[in-house]
Structure formats: C-alpha cells, structure tokens
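Below, chain A is the first sequence line, B the second, and so on; all start at residue 1.
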There are 2 protein chains.
Amino acid sequence: MQIKNKHQINHRISTDCVIFGFDFNQLRVLLIERQPVEGVPQMMALPGDLIFEEENLDMAAGRVLKELTGLEDIFLEQVGAFGDPNRVNKPNDKKWLQAVRQDPDARVITVAYYTLVNMNDYEPQPSSFAKSASWILVDDITELAFDHFEIFQSALKKLKDKINTQPIGFNLLPEKFTFSQLHKLYESILGNELDKRNFRRKMLKLNIVESLDEKQEGVPHKPSQYFKFNEENYLKLLEKGFNNFGF
Amino acid sequence: MQIKNKHQINHRISTDCVIFGFDFNQLRVLLIERQPVEGVPQMMALPGDLIFEEENLDMAAGRVLKELTGLEDIFLEQVGAFGDPNRVNKPNDKKWLQAVRQDPDARVITVAYYTLVNMNDYEPQPSSFAKSASWILVDDITELAFDHFEIFQSALKKLKDKINTQPIGFNLLPEKFTFSQLHKLYESILGNELDKRNFRRKMLKLNIVESLDEKQEGVPHKPSQYFKFNEENYLKLLEKGFNNFGF
DNA sequence: TGCCTTTGTGTCAAAAGTACACTTTGCGAA
DNA sequence: TTCGCAAAGTGTACTTTTGACACAAAGGCA
C-alpha cells in the first residue's frame, strides 16, 4: 500500500440499505420519503445513514436496518461501494443537500447493503426517518434520489444471482409457507414464469423443503399443504458439492 | 438519507487491486512487498493507494492498475468495500503503519477491485511500488498484510462465480490460444478437473471460440490448432437469454 | 347441488451430462 | 531411419435433467 500525504483526503461514508420484502405476490422494497424542502420535488430514497465512529460497515448497515424495521440478526449482504452521489446528475439532489446539510460539497461514498425480510416481522419504528417508510413494488421503482436507483438495480441483480446459489429466498417467507408462495417468490425475483410442475419437482428433489402435517384453512378452494425450509438437508447438499439451483 | 452532524466522521478511502494473471498453467496474483521496516517481518500485500480528490472509485483503481502494469481499459470490477484494516488483528501491521504513516490511527476504508490481465502484456512500470511486484501462485498465497487475504479470497470467489456467467476468462489469455490453454484456465480458476472431451464439446457448442487457420509450431508433439474468442457470437448467445455456462 | 378457484399430480421426448480409450502428429534421440 | 515420447484430437453408450403439457381433487360459497 502506497501512502502519500497529498492523497489523504477525507470523505464521509454512509451506508444505504435495499430492504426487500415479499407480500405473497410481489417483491417490494422499503423506501423512505426525503424530508420535504421548498422547491424540490419529493422523491423516494433508500434508507441510510452516515457511519458512526466506532462502527464497522456491517454494523452501520445493521443499525440502519434495526432503526427502521426493528429487525436484527437477519440476512444482510454488501452490494458494494458507490462513489460520489453528490456529483450525480440530478440538480434537485444538490438543492436538497444544500437545504438540509451544512456542507453540501463534502464528498460522500456510500456502501450499500441488501437484506431480505419477512414482511410480517416488520414493525415500523419511531425513529425519525421510519415515519415516512413504505413498501414499494419493485416494478414501480423507476427513479430514486441521488444514485439510489443504480444501487437498487445492483442489489436486485445480486439477489437474482444469489437466489440460484443459496436458499436465501426463505428469508422472505414466514416459517411455514405454501408451495405456491414459494413458486411466486421465485418468479417475482427472477422476473419470469416458471412451470408449476417443473418447479415443484425440482425443489422437492433438492430435498430442502419439508412438508408439515398442516393445511391451509378457510380458503375457498383446495387447501394447500404447508412446508418449511429444512436447513440440515441443505447443509448435506452443500457437502455434496452443490452450487447451483439452476432456476 | 438521515443527516446528523455527529456522524460526519472523516475517513480515508483507499483502493486495492487483485490482479489476476495466467501463465498457461496456473493462476497467479500480482503482489507487492511492503516497504521494509525495522522489526517488522516482510509480508506481501495487494497493490493499492489512497484515492485522489478528483477521482471516483473506478478511476482510482484504474490508476493503480496502470501505474503498476502499464495496462488500461481492461476488465476491472469491484469486489466490495472492506472496513477498518487498521483494526485487523495483526500487531505487525500496526507497527508498520506507525513507521510509514503520520497518523496510524486514522480510519481507512478500502474499496477492492479485481482485474484479469494477459501476463504477456504486463510491463513493469517505474512507479515506486512496482519495483517489488511479483506474480504469486494463487495456491501459495496463505497470508497477506492487513485484511488483504480476506479481500483476495472474496475476489477469487467472485471470479469463480463470474466465469460461469460471462466469458471473462479470455481476458487472461492472448488473442490466440490453444484449447488446452483454455481448458487449463478453467480448471485453475474453478479449482477442479474438467474432462477434456466434455469441456471441448461444451465450449464448441456455445460457438464462442473460433478455430484459426494456424497451428502451433516447434512443439515436440502434435501441434495444436489456435483459437480465438468470437465476440459477435457471444452477443448472439446473450440475446437468446443465455446466462450460465454451467462449468 | 353446482360453480368457482386453486392445489396437486405424471408422462414422454429432447437435451445435456458423464464416463471413458485410442489414434494422430511432430520432434528428438539413438 | 526408426523408435519413443508427449500432447492433440476425437465418439459412443448410458444416465440424468429439462421442458412442455392437462385434468382430477378439495373446499367454500351462492
């Protein structure tokens, strides 16, 4: 590592979280409204914060997540570092920064994370930014403040890749779920249709979901069996050198 | 984004590069020796530097790469952000920092990149850190300074994943190459053997390598046909929805 | 009782994967 | 000149996986 004093420029580092949820039908992301500022159109943004002095990156992202959703110790993975949101080509972002910040020209690098939450466990917190949070359909997200749209797209791509590598989708579901819910979940994430029978065959052959002795009740159609994720069997799969679901 | 002044802590941001090369037999990484410091054992490290004021992250990584290898405009992808190398549990790193830096306690975040170079194109540069650079076999890398070993492992994993998704391996080879070279390359990256005939069949079916009218010369065995990567055909593949090589 | 909605199931053909061994080519040494 | 060596190049038989596709079963409700 090369150290030259002239390069020792200070930055502020923030973390932003792409929080995915699934409402049994569609994939959503938890976004917040920015503080309203005169003359700047409202725009949604990813929740985030600057990093505390005593924190490392993962801790900061975990803190933002907890302050917003009440959740901790859940799946949380880094998307990457994104440079210079201040220079992003959105004049209104600059205006907004001037209004709410002391030094709008300070350089900020953000380290983005994504996480998968079971929406039923979500409990809106009384923290300042949480009041304006809402679950937005992934398909409806077309623009965000700063470079947050780019971050969101990277996170979604990462999720798509990862779903084929690790059984992380179960984080978006409650402990027991139906096969249709699981099926819909994979379709939502991958963005295309999957044949019902082929999906079921493939998933069952992997042996990582286990049927429970319990059925749906009160539904006006044939009730579905409930299933749960079987972690031990997944670990056995891993030992056999498994590395791709192939969806 | 939540702004509170008390969080506006300054950091230094550096970039480190995992530069992969392939010597027709094994995968290597370009590492540098740290400046010798009395009482600190020599340890190798990833090349890197602090970020210049007017640079964004990608530019800084590109600059480090160019200063070291003379190469520019080649495959370069972010691995991620790594926090707090200063706190890493290696007392000797701390001693080294005290010796070479003014403020060894300043907090540093590094954004790591990885790149794939054709070793024939590598031209050692007269920059200060380049003098001590050498190509180390991936299998021989067991420890590095700071958190560089962790970064190296992440980069290698990323490379393994990516090789199944995009034909990036060709960046490690010269324009014309033999099938055995390509075969060995895939084996080196993936870390396991691949059946020669099956590998060839699969690769040829994808139609992204094209046989040239040229053979090896002067080799004491049957000469190999030369091949080259065919980008147009790869783009056609992509249009058909291709997304996994399945190696 | 009939209707609506969603669950749950099997087969067949095509494609892909896996395991495996011998001939060819060219150089160099005897 | 011939023999040996080393790597290139090639095909087949079998198994497994994929992909396309349609209808009966269950339960609530009107």
Taking atom [atom2] of [N] as reference, at what distance in whole Å does atom [atom1] of [X] sit?
{"X": "B:Phe199", "N": "C:dG17", "atom1": "CZ", "atom2": "P", "answer": "13 Å"}
{"X": "A:Lys240", "N": "D:dT16", "atom1": "NZ", "atom2": "P", "answer": "14 Å"}
{"X": "B:Asn198", "N": "D:dT15", "atom1": "CG", "atom2": "P", "answer": "16 Å"}
{"X": "A:Leu182", "N": "C:dG8", "atom1": "CG", "atom2": "C1'", "answer": "15 Å"}
{"X": "A:Gln181", "N": "C:dT7", "atom1": "CD", "atom2": "C1'", "answer": "13 Å"}
{"X": "A:Asn192", "N": "D:dG19", "atom1": "CG", "atom2": "P", "answer": "11 Å"}
{"X": "A:His183", "N": "C:dT9", "atom1": "NE2", "atom2": "P", "answer": "15 Å"}
{"X": "B:Asp195", "N": "D:dT12", "atom1": "CG", "atom2": "P", "answer": "16 Å"}

**Q.** Residues in contact with DNA chain C, drawn from residues 161-170 of chain A - heavy-atom cutoff 4.0 Å
**A.**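 Correct list: empty, so none.
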Q) Got a sec? Which of residues 200-225 of chain B come in under 4.0 Å of DNA chain C, heavy atoms? A)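 Contacting residues: B:Arg201, B:Lys202, B:Lys205, B:Val219, B:Pro220, B:His221, B:Lys222, B:Pro223.
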Q: Among B:Thr69, B:Val64, B:Leu46, B:Leu76, find the one that has a side chain to side chain contact (heavy atoms under 4.5 Å, CB included) with B:Ile19.
A: B:Thr69
**Q.** Passing candidate, side chain to side chain contact (heavy atoms under 4.5 Å, CB included) with A:Tyr113, options A:Asp58, A:Val79, A:Asp16, A:Val18
**A.**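 Option passing the side chain to side chain contact (heavy atoms under 4.5 Å, CB included) with A:Tyr113: A:Asp58.
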Q) Is the A:Phe199 to A:Phe247 ring centre distance short of 6.0 Å? A)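 That pair passes the under 6.0 Å test.
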Q. Can the ring centres of A:Tyr114 and A:Phe152 be said to be less than 6.0 Å apart?
A.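 Ring-ring flag for A:Tyr114/A:Phe152: false, centres at least 6.0 Å apart.
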Taking the side chain as C-beta and beyond, is there a heavy-atom pair between [X] and [Y] under 4.5 Å?
{"X": "B:His183", "Y": "B:Arg200", "value": "no"}
{"X": "A:Ile151", "Y": "A:Phe146", "value": "no"}
{"X": "B:Leu30", "Y": "B:Arg28", "value": "no"}

(Q) Suppose we call a contact any N or O donor and acceptor under 3.5 Å apart; does that hold for the side chain of B:Arg197 and the base of C:dA21? (A) yes
Q: Please check the phosphate of D:dA7 (OP1 and OP2 only) for any side-chain N or O of B:Ser180 closer than 4.0 Å.
A: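 Checking D:dA7 against B:Ser180, no side-chain N or O comes under 4.0 Å of OP1 or OP2.
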Q) Angle class for the B:Tyr234/B:Phe229 ring planes (parallel below 30°, perpendicular above 60°, tilted otherwise)? A) tilted
Q: Please say which of A:Phe227, A:Tyr186, A:Phe177 ends up in a ring-ring contact (aromatic ring centres under 6.0 Å, His included) with A:Phe170.
A: A:Phe177
